[in-house]
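These numbers come from a predicted model, not from an experiment. Just so we're on the same page: letters track the sequence lines, and every chain starts at 1. The figures that follow rest on heavy atoms only: side chains count, while hydrogens, waters and symmetry mates do not.
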2 protein chains.
Amino acid sequence: MATEKNTSFGSSSGSQPLYLRLRDQLWQWIEQQPGGSQFRLPAERELAERFATTRVTLRQALSQLEGEGRIYRSNRRGWFLTPARLQYDPNKDTGFHHYVQEQGLAPRTETLQKSLIEAPPWLAALSGLAPGAPVYQILRRRYVDERAVLVEHNYLNPALCPGLLNQSTDLSIFTLLKERYQLQPAQRQLSMYAQALTGQEAEALGVSPGCAGLFIQRLSRDQQGRFLELDQEYWLHDALTVVVQVTG
Amino acid sequence: MATEKNTSFGSSSGSQPLYLRLRDQLWQWIEQQPGGSQFRLPAERELAERFATTRVTLRQALSQLEGEGRIYRSNRRGWFLTPARLQYDPNKDTGFHHYVQEQGLAPRTETLQKSLIEAPPWLAALSGLAPGAPVYQILRRRYVDERAVLVEHNYLNPALCPGLLNQSTDLSIFTLLKERYQLQPAQRQLSMYAQALTGQEAEALGVSPGCAGLFIQRLSRDQQGRFLELDQEYWLHDALTVVVQVTG
DNA sequence: AAGTGGTCTAGACCACACG
DNA sequence: GTGTGGTCTAGACCACTTT
């Protein structure tokens, strides 16, 4: 039953669908709100009423703004204005804490897990280690201004950095390798692609599954070509701009 | 009215929401379908019936798979299996056609627009040209296996490549610059970030607005540091993996 | 002309966050 | 406990694509 007469579509003129017009109205409204970067949107039901539409359609408009990286949702707490993107050069060897601070923001790293594992086949294939060879695995979550923006899996070669797991990994692993073990990567292969965050990663970042994300992988070797580190990072899509300087 | 008894949530047990279980079932079903890479999914209404749910919920599940880059939609024509991601090194100077063919795929480029414009302020700021200075502008759309995967805006310095607009730009601009003008980029700045495709770009690629995308910008200068080219690419998020090799 | 995806409504319940 | 976001239903119309 429900709908008898459905004004739905071309209702209030304009060739654009309602949710796109709503998106624009919403953004215009948001922009002229005070509150600065920590601005939080009113409840969805309230917004739906204010803009005379359904929650479903309103959420479609909100999702658009989310995809454009303008607003984001935190857990079930509501919608917030997205802070400026972090500039990130995965090729530079200044650690996370360094470049976040350099941009006037507050970094934080949480080590979620550390263990010695046996290299699974995919890791063996990538690294050149023998399948089943011992590998340090570290799982970390990183924050910018107390917003969780990425989870990171690190895999390290114990032959090159014995005892690493006894060190604190709440700062830069790169710094640790350099200062404690005199290790520096000589070759690097970077891969990155856009993909939704699912399961564990979405949960760890407190976002809903299917939230847009950016995956960055970094494979480092030393000067002899030995496997040093594999780094797999799952970022919120709206949290960063990757910047790479190349001269040649 | 409508719903009187709503089994909705924990209905068929399992702690995951229905649309996530649906996503998994759907993917499992898709994987064991014949038809290879050009596989097209049945109509949404049919799928909804087959999996005993609403179209809305089914579409939520489909959107998940879309976000994960497993399926995509073409215009209003339906859902298809996503082909393998293209490997793309924006730092390498082999043109689009070259590396697409190298991966066993069929490239195509369509020049949508060519014109001489006056540098807008943002371009002037980026390039170092004077605001209002003449700049060649080229808009192109590129295909892989007849799937439109990116639109590209090129801005070139006419002082370095006079008459470029009279050449065909349906192949590699890089090759043109190199062979016709003996120009090669010496410095490059790459930026990239994940962002939804909107308005013109979404339309040009035949995807719905808000579809996940990847933006890549490449600023090239010659050995004297003169502005050579600015390249802005809007990719479908599921069409590529960016790979950068770094030695140092 | 038929069918399909795209949009939209008016509800409802659930589970988590917060006071 | 209350409110909020998250999920879900059962429809309907529209516009485009395809037959």
Side-chain angles (χ1 to χ4, degrees), chain A residues 1-23 40-66 71-80 197-198 202-203 206-211, chain B residues 1-23 40-66 71-80 197-198 202-203 206-211:
Chain A
M1 27 234 72
T3 53
E4 301 177 4
K5 195 183 117 198
N6 207 334
T7 23
S8 54
F9 229 50
S11 58
S12 74
S13 87
S15 53
Q16 293 220 64
L18 176 54
Y19 74 91
L20 288 181
R21 281 176 283 143
L22 230 186
R23 171 198 64 181
R40 175 185 175 162
L41 274 74
E44 291 179 2
R45 286 167 178 82
E46 192 187 323
L47 284 173
E49 194 180 7
R50 187 195 302 261
F51 289 93
T53 182
T54 322
R55 246 184 92 208
V56 177
T57 303
L58 172 80
R59 278 169 66 84
Q60 213 178 341
L62 290 171
S63 296
Q64 289 286 318
L65 292 173
E66 183 186 30
I71 61 177
Y72 71 97
R73 41 188 143 176
S74 170
N75 282 318
R76 293 159 167 275
R77 300 196 299 113
W79 295 89
F80 300 83
L197 300 167
T198 60
E203 201 173 347
V207 298
S208 39
C211 179
Chain B
M1 24 232 73
T3 53
E4 301 178 4
K5 195 183 119 198
N6 206 334
T7 22
S8 55
F9 230 50
S11 57
S12 76
S13 87
S15 52
Q16 292 219 60
L18 176 55
Y19 73 93
L20 288 181
R21 279 176 284 142
L22 231 186
R23 172 197 64 181
R40 176 185 174 161
L41 275 72
E44 291 179 0
R45 287 167 177 82
E46 193 187 322
L47 283 173
E49 195 181 4
R50 187 195 301 265
F51 289 92
T53 182
T54 322
R55 246 183 93 209
V56 177
T57 303
L58 172 80
R59 279 169 65 82
Q60 213 177 340
L62 290 171
S63 297
Q64 290 286 317
L65 291 174
E66 183 186 31
I71 62 177
Y72 71 98
R73 42 186 143 180
S74 169
N75 284 318
R76 292 158 169 277
R77 300 196 301 113
W79 295 89
F80 300 84
L197 299 168
T198 61
E203 202 172 347
V207 298
S208 40
C211 178

Just the rounded figure in Å: distance from [atom2] of [N] to [atom1] of [X].
X      : N      : atom1 : atom2 : answer
A:E203 : D:dG6  : CD    : P     : 15 Å
B:L20  : C:dA15 : CG    : C1'   : 15 Å
A:L58  : C:dA10 : CG    : P     : 14 Å
A:E49  : C:dA10 : CD    : C1'   : 14 Å
B:R40  : D:dT18 : CZ    : C1'   : 9 Å
B:L22  : D:dT9  : CG    : C1'   : 14 Å
A:F51  : C:dT9  : CZ    : P     : 14 Å
A:L47  : D:dG5  : CG    : P     : 8 Å

If you only use heavy atoms from C-beta on, which nucleotide in [options] is closest to the side chain of [X]?
X     : options               : result
B:Q60 : D:dT9, C:dT7, D:dT7   : D:dT7
A:Y19 : D:dG6, C:dG5, C:dC8   : C:dC8
A:T53 : D:dG5, C:dT9, D:dA12  : C:dT9
A:R55 : C:dC8, C:dG5, D:dG6   : D:dG6
B:T57 : D:dG11, D:dG6, D:dC8  : D:dC8
A:R76 : D:dT17, C:dT9, C:dA15 : C:dA15

Checklist entry - After noting the C-alpha distance and the side-chain angles of A:L41 and A:L62, does the key distance pass the side chain to side chain contact (heavy atoms under 4.5 Å, CB included) rule? => result CA-CA 10 Å; A:L41 274 74; A:L62 290 171; 3.9 Å; yes
Is the base of [N] touched by the side chain of [X] through a donor-acceptor pair closer than 3.5 angstrom?
X     : N     : result
B:R73 : C:dG6 : no
B:R77 : C:dG3 : no
A:R45 : D:dG5 : yes

Next on the checklist: Need one value for B:S208: base, sugar-phosphate or nothing, where a base atom within 4.0 Å counts as base even if backbone is also close, heavy atoms only.
Outcome noted: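 No contact at all - B:S208 keeps every heavy atom at 4.0 Å or more from the nucleic acid.
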Checklist entry - Got a donor-acceptor contact below 3.5 angstrom from the A:R21 side chain to the A:Q16 backbone? => result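 Checked: pair present.
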Item to check | Heavy-atom donor-acceptor pair, A:Q64 side chain to B:P209 backbone, under 3.5 Å | outcome: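 Judged by distance alone, yes, a pair lies under 3.5 Å.
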Next on the checklist: On DNA chain C, compare the nucleotides closest to B:R59 and A:N75; which residue's is nearer the 5' end?
Outcome noted: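 Closest to the 5' end, via its nearest nucleotide, is B:R59.
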Item to check | Contact under 4.0 Å: B:T54 side-chain N or O vs D:dG11 OP1/OP2 | outcome: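 No, because none of the side-chain N or O atoms of B:T54 sits under 4.0 Å from OP1 or OP2 of D:dG11.
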Next on the checklist: Run the ring-ring contact (aromatic ring centres under 6.0 Å, His included) test against B:Y19 and tell me which residues pass, sequence neighbours left out.
Outcome noted: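 Not a single residue meets the ring-ring contact (aromatic ring centres under 6.0 Å, His included) criterion with B:Y19.
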Checklist entry - Can you name the side chain to side chain contact (heavy atoms under 4.5 Å, CB included) partners of A:R73, sequence neighbours left out? => result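 Once residues adjacent in sequence are excluded, the partners of A:R73 under the side chain to side chain contact (heavy atoms under 4.5 Å, CB included) criterion are A:R59, A:S63, A:E66, A:W79, A:S208.
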